[in-house]
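Notes follow once the structure below has been shown.
Each chain gets a letter, A, B and so on, in the order its sequence line appears, and its residues count up from 1.
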Amino acid sequence: MELEKNYNAKDTENKWYNYWQENGLFAPKEDRSQKPFTIVIPPPNVTGILHMGHVLNNTLQDVAIRYHRMKGRPTLWIPGTDHAGIATQNRVEKDLKKEGKSRYDIGREALVKRIWDWKKEKGSLIIEQLKQLGCSCDWSRERFTMDKELSHAVKKVFIHLYEKDLIYKGKYIINWCPRCETALANDEVEYTDQKGKLWHIKYPFEDGSGYIVIATTRPETMLGDVAVAVNPSDQRHKEYIGKNVILPVMNKPIPIIADDYVDKEFGTGCVKITPAHDPNDFEVGIRHDLKQLLVMDQNGKINENGPAHLQGLDRFEARKKIIEQLTEENLLEKVEDHDNSVGHCYRCDTVIEPYLSDQWFVRMKPLSHRAIKVVEDGEVRFVPERWTKVYMHWMNNIRDWCISRQIWWGHRIPAYYCSNCQGVQVAMDTPAECPVCHCKEFSQDEDVLDTWFSSWLWPFSTLGWPQKTADLEYFLPTSVLITGYDIIYLWVARMIMATLEFENKIPFDTVFLNGLVRDKQGRKMSKQLGNSPDPIDIIDKYGADALRFSMIFNTPKGQDSYYSDEIVEIGRNFCNKIWNAFRFIVMNIENIDGLPGNLHFDLADKWIYARLNQVTKEVDEHYKNLRFNDATQELMHFIWDEYCSWYVEMAKEKFYNEKDSEILLTTKYVLLDVMQQAMRLLHPVMPFISEEIFQLIKQIFPIEDQACIIATFPVIQPEMIDNQVLSTMAVLQETITVIRNLRKQINISPALNVDIHIKLANDTQHQLFLEYDGYVKKLAKVGKITMGVDLEKPASSIVAVAGDIQIYLPLQGLIDIEAEKTKLEKQKDKLEAELKVIHGKLSNDNFINNAKPEVIAKEKEKEEEVATKLNTVLYVIESLG
RNA sequence: GGGUGCUUAGCUCAGUUGGGAGAGCGCUUGCCUUACAAGCAAGUGGUCGGGGGUUCAAGUCCCUCAGCACCCACCA
């Protein structure tokens, strides 16, 4: 076996991804007697390009999936993409614009066709990127929210809800994006604080007796004013109620009315009422039976209801002109600075306009009750738990959901209007005949449904609903949903409601909410800021394993994390470390001539197995409890600090000095065995390098599993966790470290072997060191060791203490006695302080009476240990003179 | 106005029923030691945001204050 000096991620990753796919290893094991582990992917937008948020989210899902697959459960990860109505249409319209055309130039049918063409050509980009990341989805089950079957499900759902009177059509003020020319749901509006103005405008009384002043932040909407409102209890304005004022610019009379909605403290206490352009004014308008006068068109331009000189002007242009005119006419009393938060379209960032229009709504309250109950009852659990509160709050204050969108790309609303009597029918297909007037001509509603109206069906629509498929029966409820906390309302809550309503089941029992990935400065990664690196570049440079490992290593459960290229180096370096450890094994094992007939475990072998089993136990639990970053920490520590830095180094000693072939074979066996087990533990996080090494080991070591991806996860062997071995090894390790420390103190060349004396505390220790002095010599670069229980300190030597062991390093040359003493004094002070604390506790009756017995026992044990160390140090200080 | 999260080493952050302050990176020193300089070895570094309380014992529980970030509602 010839291995490169540095790990080559690129070739390895392609090779194994293809292998897994060609061998169908992503598909769930066919064993329907076992409970499956299932995840549905949060479907990325077809227009999407992989960003760091996707990397984190999908890596987390893949880790969970790979872990459970190795644990032997039938495991399914259902992938797919979302048609993302507005985003996708915008994307294609942008291309159109380059050709100088708008969607109206080519018409609905042509546009939709063009978007489908675009989807076929470019829509799988993000899927390909997920594959590069290593995602082990069952691609044979990939779905798209506008697949024929899913569209069918959407229609079914719409009709079901309509027939239950849970969908209705109504005229309401909605959030309108004049650029996208569509309604937006409340959740699709992003508010940002802006420095604005508060204009104080005089509205003269019709009878010429003066004026009142209203304050507004959006003067252009005054064109649609139909009244001025004051609070009925406001003494300042009481006398004006019922009078008319002349609406400036429009020059028409409007009444002054009284309504509790008006806040006496704000502005002038007088509010202009514009029912067609403000949600609160809309409510006031209903209460007072006022006209709803629209003064803008769908592009935010002043329409025919405005005065001739303003018609066709953009709303902000119109605002300017109106202010100019008011100033000229001396109707502008003053202008104040005023900060308020302004809604923006979450897709294109245009300022949204509250706008009166016909829209379809879902009544949410009736759907929310069960969705609240399943969370209350713990059937659906949020991780981290704090999100439960957030979810509950929203659910308890839920509002109706505006589901119609005035775009062309999406599921068209299955409502048909009779061409003759305008009667509406909601149906799967165009109705044959109008039941009222028997007309046979219909036109379908022009609007499409909100993208989330298909997403909220995702956990069951992907499994074949409304067909009663075997998959639906078997895989639903799914196991865990892993997604970002920013879509709890938009998606998670709605899936819970939909799945309960249509399948009478919960969609998943656990919702794991991962944090957001931010840049180094703490800003959210976003397209606009351009601060998200392209993960594919990172994968090309460092490897997918490196990226995956680093993202998880860096991301505590449910917290936001900060990304920078440097963190990926952690993963890259770790890959290389593993690679080289394996390379070392291969270099020493090429001549392996069979497995040992009998295994001869020495301390090092027993120790690494003890640790392997401890680590297996912990990592297993971390994966199970979705504590992924803890798992990575544990694995890195074990592989790097224990396997490489101690076990491999100790193996070297045997390779160089041991003659017994059985012992040599045992060492090779343990090196390979621990490595292959470590690869299994690591696989969920670093699937590629673990598979590569696993397969290479398989060539020279008996492994039954076909591949690491479907290998069994290591099973804990508790009898291997030998505490005696662990503590003995700790003594050896400490001794070696202390010797290294001594060498360093007096600058002994690393190339030089030194002679040392070791004074042991008892015969058992003496035996131990006689047996394992080779390890001390190898790992601490020691030549000759003189040891014994009754050893005198050699003249002119420096001393160090490891537990109850004393180590003397004789010096030919000079030593700095004072420096030695200072160091030992420091050690003494620390031990004394520690001992004082322990004595304090043990002499405290309250402690003795209240603390748990095992805590007290532990404390006594510690007292003894510290006292011994202290005595040793004191002895050494004294012997220095 | 309502709510959530965060505040621990120079930086980024772990710390799961209260009982020995940790990691990665950085920094210092010495090493290209035949697996790895993407490395090895030895070190430096913290009154766990302030104050109060509960307890034999608090980074950990409670109260309070401060700073930072975010969410929801409202904003004429």
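Distance from the side chain of Phe847(A) is smallest for G19(B) among the nucleotides G19(B), U4(B), A41(B). The listed nucleotides are A35(B), U12(B), G39(B); the one nearest the side chain of Asn554(A) is U12(B). The side chain of Asn573(A) has A38(B) as its nearest neighbour among A38(B), G24(B), G3(B). For Asn580(A), the listed nucleotide lying nearest its side chain is C36(B); candidates were C40(B), C36(B), C74(B). Here the side chain of Lys744(A) is nearest to one of A35(B), C56(B), A41(B), namely A41(B). Comparing C40(B), A42(B), A35(B) by their nearest atom to the side chain of Trp640(A) picks out C40(B). Side-chain proximity of Val648(A) to G24(B), A35(B), C72(B): nearest is A35(B).
No engagement by Glu865(A) is indicated, since no non-hydrogen atom pair under 4.0 Å with the nucleic acid exists. Looking at heavy-atom distances under 4.0 Å, Arg740(A) makes contact with sugar-phosphate atoms alone, never a base.
Distance CD1 (Ile838(A)) to C1' (C56(B)): 16 Å, rounded to an integer number of Å. Here C32(B) presents its P atom at 20 Å from CG of Asn6(A), a figure rounded to the nearest Å. In this structure, Tyr489(A) places its OH atom 6 Å from P of C72(B), rounding to the nearest Å.
Applying the Watson-Crick and G-U wobble criteria (two distances, each under 3.5 Å), A9(B) pairs with nothing in any strand. Base pairing analysis places U16(B) opposite nothing; no Watson-Crick or G-U wobble pair with both distances below 3.5 Å involves it. Across the strands present, C74(B) finds no partner; the criterion is a Watson-Crick or G-U wobble pair with both atom distances under 3.5 angstrom. Across every strand in view, U28(B) sits in a pair with A42(B) that passes the Watson-Crick or G-U test at under 3.5 angstrom. Remark: C61(B) base-pairs with G53(B); criterion is Watson-Crick or G-U wobble with both hydrogen-bond distances under 3.5 Å.
Under 3.5 Å, the side chains of Asn629(A) and Gln633(A) contain no donor-acceptor pair of N or O atoms.
With Tyr643(A) as the aromatic partner, Lys577(A) does not meet the cation-pi criteria of under 6.0 angstrom to the ring centre and within 45 degrees of the ring axis.
In summary, of the residues considered (Phe574(A), Tyr542(A), Phe688(A), Trp579(A)), a ring pair (Phe, Tyr, Trp, His ring centres under 6.0 Å) with Tyr7(A) occurs for Trp579(A) alone.
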